[in-house]
Protein chains: 2
Amino acid sequence: MAELSADLGDGAEGVFAPIQNQPLRVQIASRLRDAIISGRLHPGTVLVETALAEQMNVSRAPIREAVQLLENDGLVESVAYKGKRVKLLTAREVEEIYSLREIFEVAAVERILAREVSVEPLAACCAAMEEAVRMNDYEALVAADEAFHRTLIRLSDHELLLSLWNNLYMRIHQIMALRHRGERNLAEIAGNHPPIVRALEAGNRAEATRLIAQHTRALADFDPESIAQGSQ
Amino acid sequence: MAELSADLGDGAEGVFAPIQNQPLRVQIASRLRDAIISGRLHPGTVLVETALAEQMNVSRAPIREAVQLLENDGLVESVAYKGKRVKLLTAREVEEIYSLREIFEVAAVERILAREVSVEPLAACCAAMEEAVRMNDYEALVAADEAFHRTLIRLSDHELLLSLWNNLYMRIHQIMALRHRGERNLAEIAGNHPPIVRALEAGNRAEATRLIAQHTRALADFDPESIAQGSQ
DNA sequence: TGACAGAAGGTTGTCGACAATCTTCATTGT
DNA sequence: ACAATGAAGATTGTCGACAACCTTCTGTCA
């Protein structure tokens, strides 16, 4: 039994999938989070505990705790005497989210350059993006893009920064899902990244920072009216 | 009644303190938070719901929710099948907290310079610090120091950054409380800040950034062994 | 016709209890 | 003496119910 659990834990080559007895609140929170960041639950949607409990066939306790988890994520807000609702997105907040993204990425660049970390993982992400462009696969491109930026943060070797990034990117996901999908030039998006990698390889801090800022601001250049707010 | 509430809300000059019917979880969370960041609850201390519920004479439900709030704050961690405990502090985590502090302050400086905001509020904080030095009041100096840095973030006009800062500074409070109080030169601490204000006034980005980094690293220059970890 | 008072409805806040799970300790066998 | 098995204890997870609070609708009075 000792070696069995060891196998499952380490190699993950075992026959059995690892048993994961996640608390209900975690499962519920995952479902709700997915619904919110995918845009299925619009900002302003009221989350009524009793209704959710009935839908998911559980009691209110795990629902309450799950909603609280989402509140910590900044996806849900509490409005006095009205209950909880999916957080409304103001233009200002969207701006701040993207500017924070820029702050984080620039900080990551600084650390990567200071520690002279290999940027090979970033090049791999670029390759995945080019592949997605060849296949004309928008979803794959988005995934590779996310992987690129998360890898950038990860290479900075800063766990706290990475956890903040994960939370931030969740909200960016939501914003992208709510935004009308403009006609994006796949090749242009993919093409933005290799120069960043090259600047990092060259140790060119100013250029890397400039490219990151430019890329982020292009993403943030949205139509404020395009974000669907729920009723009210 | 309308004008009464308006008075209380705006001027805060009314006779009555505003009625705040905070949920139990918020009151409980505040108490626990205070205990943790003041160092009265050491890292590693196990938080048993039933015990806390009995001590505070409430049921377990609000205790659970309060502890979850602290978990979101990063002050409590969940260890499988052992319950929740006050989060242990590793040297790495402390380093990351201070490096994040530097990232945030540098970002704030950039924004302040870009927007040409008046730095008068910062000068006021410096005056408070000098007054504290004159009175040889360590507590007042710490308070003024915190006010200075929070003001710096506030002047950057970035709500998201400010909320992250508040959370981060909570943990810095905890670290300072756990750290053996070295003999600090009050005048030296106070003296660090006016040059920052002058650099901001002069629009000298490089100098301001350099001073911030220097100041932060002086704070982070701690003895890793000095942080008391609870039993285990 | 408008405004105020009252009642009804709905939602969150809190509680006590039960169930499930893991840990720890005692016991037994080799 | 050590290891494995079993039982007991403790803690978290979940549930259903009650209470408090605010909102909203309706009815009445000026």
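Throughout, a chain's letter reflects where its sequence line sits, starting with A, and its residues are numbered from 1.
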Check: B:T216 main-chain N/O paired with B:R101 side-chain donor or acceptor under 3.5 Å = no
Backbone N or O of B:R217 within a donor-acceptor pair of the B:E102 side chain at under 3.5 Å?
->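 Side chain of B:E102 to backbone of B:R217, a donor-acceptor pair under 3.5 Å: no, none is there.
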Between B:T90 and B:R92, a side-chain donor and acceptor under 3.5 Å |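 Absent: no donor and acceptor within the cut-off.
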Round to a whole Å and report the spacing from [atom1] of [X] to [atom2] of [N].
X	N	atom1	atom2	value
B:N57	C:dC15	CG	P	8 Å
A:L24	C:dA20	CG	P	13 Å
B:E65	C:dT14	CD	C1'	9 Å
A:I63	C:dT11	CD1	P	14 Å
A:L69	D:dG13	CG	P	11 Å
A:I28	D:dC15	CD1	C1'	12 Å
B:E49	C:dA17	CD	P	16 Å
A:K84	C:dT12	NZ	P	9 Å

Name the residue closer to the 5' end of DNA chain C, choosing between A:L47 and B:A61 according to the nucleotide with the nearest heavy atom.
->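 By nearest-heavy-atom nucleotide position, the 5'-most residue is A:L47.
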Nucleotide nearest [X] when distance is taken to its side chain, options [options]:
X	options	value
A:P62	C:dG13, D:dT12, D:dC15	D:dC15
A:S59	D:dT11, C:dG13, D:dC15	D:dC15
B:V58	C:dC15, C:dT14, D:dT12	C:dC15

Parallel, tilted or perpendicular: ring planes of A:H173 versus A:Y169, cut at 30 and 60 degrees =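 Judged by the thresholds at 30° and 60°, the geometry between A:H173 and A:Y169 is perpendicular.
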Would you find more than 12 non-hydrogen atoms of other residues, nucleotides or ligands less than 6.0 Å from B:E54 atom CD?
-> no
For C:dT12, does OP1 or OP2 lie under 4.0 Å from any side-chain N or O of A:R60?
->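 No, because none of the side-chain N or O atoms of A:R60 sits under 4.0 Å from OP1 or OP2 of C:dT12.
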Under 4.0 Å between a side-chain N/O of A:R25 and OP1 or OP2 of D:dG13, yes or no?
->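 So the side-chain polar atoms of A:R25 do come within 4.0 Å of the phosphate oxygens OP1 or OP2 of D:dG13, strictly under.
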